[in-house]
Every structure is written in C-alpha cells, then in structure tokens.
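Okay, so here's the structure we're looking at.
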Amino acid sequence: KFAYYVRRFMNNLLSYEPFESQSNKINVYRIDGIEDLGCNYNCGGTARRLCCDNTKIAKLASQCPYDQIAIIVNNEQYGGSGGTYAISYRGNPMTGLHEFGHSFGRLRDEYSYGSYNGYDHSAYLGFTGNCDPTPGCPMWEDVPGAGCTLGCQYDEWYRPAPTVWRGGSIMRDSSGDFNPVGEKILSEKLEDYT
C-alpha cells in the first residue's frame with residue numbers, strides 16, 4: 001500500500017515541469033519503515049497543517065542519500081506542510097507536489113493569509129521570489145508569461161499568475177501546474193544537479 005502511494009507521488013512529480021524534462025537529475029528512495037514519526041495535525045494551531053518529529057525523520061532518512069525528504073502520512077484527512085521536509089496526507093498527490101514546491105523550491109503560498117500589517121516575515125528567509133511585495137513585480141519582469149496579481153502570502157503582495165492559470169496554480173490551489181516564475185525557480189535549483 002505504501003509503495004503504491006510513493007509511486008503515485010513520484011509519477012505525479014515527474015509529470016510536471018521542470019521535473020519532467022529534468023527527470024534524469026531526480027532519484028527517489030522509498031524507506032519502508034514502520035516507525036512512528038510523530039506526525040500530527042493542528043501543528044501551530046492550524047487544523048490542516050501536518051508536522052512530524054524532525055529528529056525521527058532525519059534518523060530514518062539517514063538510510064539513503066538525500067537532498068530533499070518527502071513524507072506521506074497514512075491518513076485520508078486533508079493536510080500537509082512544507083519547510084525542512086515536504087509532508088502530505090496520502091489523499092490527493094497534488095498536495096504532496098504543492099508541499100514539495102515549498103520544501104525543494106522554497107516557494108511561498110500564492111494565496112493570502114490576510115494583511116501584511118508589518119508582519120515580521122523573517123521566518124521565511126530563504127524562501128524564493130514567487131511573491132513580490134512591489135507593485136509592478138520587478139522581481140520577475142524578465143520572465144516570459146509572468147503576470148502581477150494581488151494576493152500572494154499577503155493581501156498586499158503579488159503573485160505571478162492570475163487566479164485562473166492554465167487550470168490553476170500548484171502553489172495557489174494545488175491544481176494546474178507551476179506558473180512561469182515557480183517553474184523558473186525550480187528549474188534553476190535543478191541546474192545544480194548533474
């Protein structure tokens with residue numbers, strides 16, 4: 001059963017750009033562990049946010065070489081998170097892809113949590129530029145096909161794709177594909193691999 005969900009995640013990941021065209025740079029290792037990784041919902045007070053015990057994950061993952069870790073939680077209840085690791089419930093594989101976008105590409109959510117109001121976003125240091133706080137979106141003005149639409153992480157920040165982007169946006173609503181900016185960021189990250 002676990003092998004099925006891992007295969008489904010892997011096949012889904014490799015069907016989206018830039019992972020599809022650079023699939024030769026991606027290795028997937030499945031660890032058939034039955035250890036309790038301490039995964040729980042309601043992490044940080046958000047009902048759908050899944051968090052696991054980082055120490056237990058690192059110990060289990062040490063069985064193979066890795067640059068990025070994805071965890072599939074054996075639960076049908078919607079949830080996930082992306083940070084050090086991509087964590088997703090076993091339901092919709094698009095959720096796993098969205099969380100992998102956070103963890104591997106350091107992409108931000110392309111929906112809003114509300115007004116910025118001077119919020120200290122230092123927790124997001126290292127996250128890349130798929131949200132631009134500047135009107136006109138100068139961060140990606142050179143990216144073909146990128147737009148500039150309000151509502152990315154905060155109401156006042158901008159995302160590179162409108163609400164409807166070729167069927168959706170993975171970092172907005174876990175549907176469609178990565179928009180031009182997200183795809184460019186991920187592709188540049190993959191260029192570091194041979």
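Just so it is clear, the values below take in all heavy atoms, side chains as well, and ignore hydrogens, waters and symmetry mates. Index from 1, following the sequence. Since this is a predicted model, take the numbers as computed values, not measurements.
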Side chain of [X], backbone of [Y]: donor and acceptor closer than 3.5 Å?
X	Y	result
Asp109	Tyr111	no
Trp140	Gly147	yes
Arg106	Gly83	yes

Atom [atom1] in [X], atom [atom2] in [Y]: separation rounded to 0.5 Å?
X	Y	atom1	atom2	value
Trp157	Tyr113	CH2	OH	12.0 Å
Asp53	Leu60	CG	CG	11.5 Å
Phe178	His98	CZ	NE2	9.0 Å
Ile69	Ile31	CD1	CD1	7.5 Å
Asp132	Cys152	CG	SG	9.0 Å
Asp67	Ser103	CG	OG	13.0 Å

#### Entry: Among Cys137, Pro160, Pro180, the one residue meeting side-chain contact (heavy atoms from CB on, under 4.5 Å) with Val143
Pro180
### Message
Taking atom CZ as the centre, does Arg8 end up with more than 12 heavy-atom neighbours from other residues, nucleotides or ligands that are less than 6.0 angstrom away?
### Response
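Check passes, neighbour count above 12.
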### Message
If you count every heavy atom of other residues, nucleotides or ligands that lies below 6.0 Å from Lys59 atom NZ, does the total exceed 12?
### Response
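Not buried by this count: 12 neighbours or fewer within 6.0 Å.
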### Query
Taking only residues two or more places apart in sequence or in another chain, which ones pass salt bridge (charged side-chain N to carboxylate O under 4.0 Å, His left out) with Arg30?
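With neighbours one apart ignored, the set is Asp32.
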### Message
Going by the rule salt bridge (charged side-chain N to carboxylate O under 4.0 Å, His left out), which residues pair with Glu188 if we only count those two or more places apart in sequence or in a different chain?
### Response
Lys184
Would you kindly confirm whether [X] and [Y] end up in one hydrophobic cluster when ILVMFWY residues are joined by side chain heavy atoms under 4.5 Å apart?
X	Y	answer
Tyr5	Tyr78	no
Leu107	Tyr158	no
Ile57	Tyr41	yes
Tyr66	Leu186	no
Leu37	Ile72	no

#### Entry: Residue pairs, two or more places apart or on separate chains, that pass ring-ring contact (aromatic ring centres under 6.0 Å, His included) and touch residues 13-38
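Matches after skipping sequence neighbours: Phe19-Phe100.
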Say whether [X] and [Y], considering side chains only, have a donor N or O and an acceptor N or O under 3.5 Å apart.
X	Y	value
Ser115	Glu156	yes
Ser88	Glu99	no
Ser187	Gln22	yes

### Message
Regarding Cys51 and Cys43, I want to know if their SG-SG distance comes in below 2.5 Å, which is how I'm defining a disulfide.
### Response
yes
### Task
Flag the pair Arg90 and Glu76 as a salt bridge only when some basic side-chain nitrogen lies within less than 4.0 angstrom of an acidic carboxylate oxygen.
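Yes.
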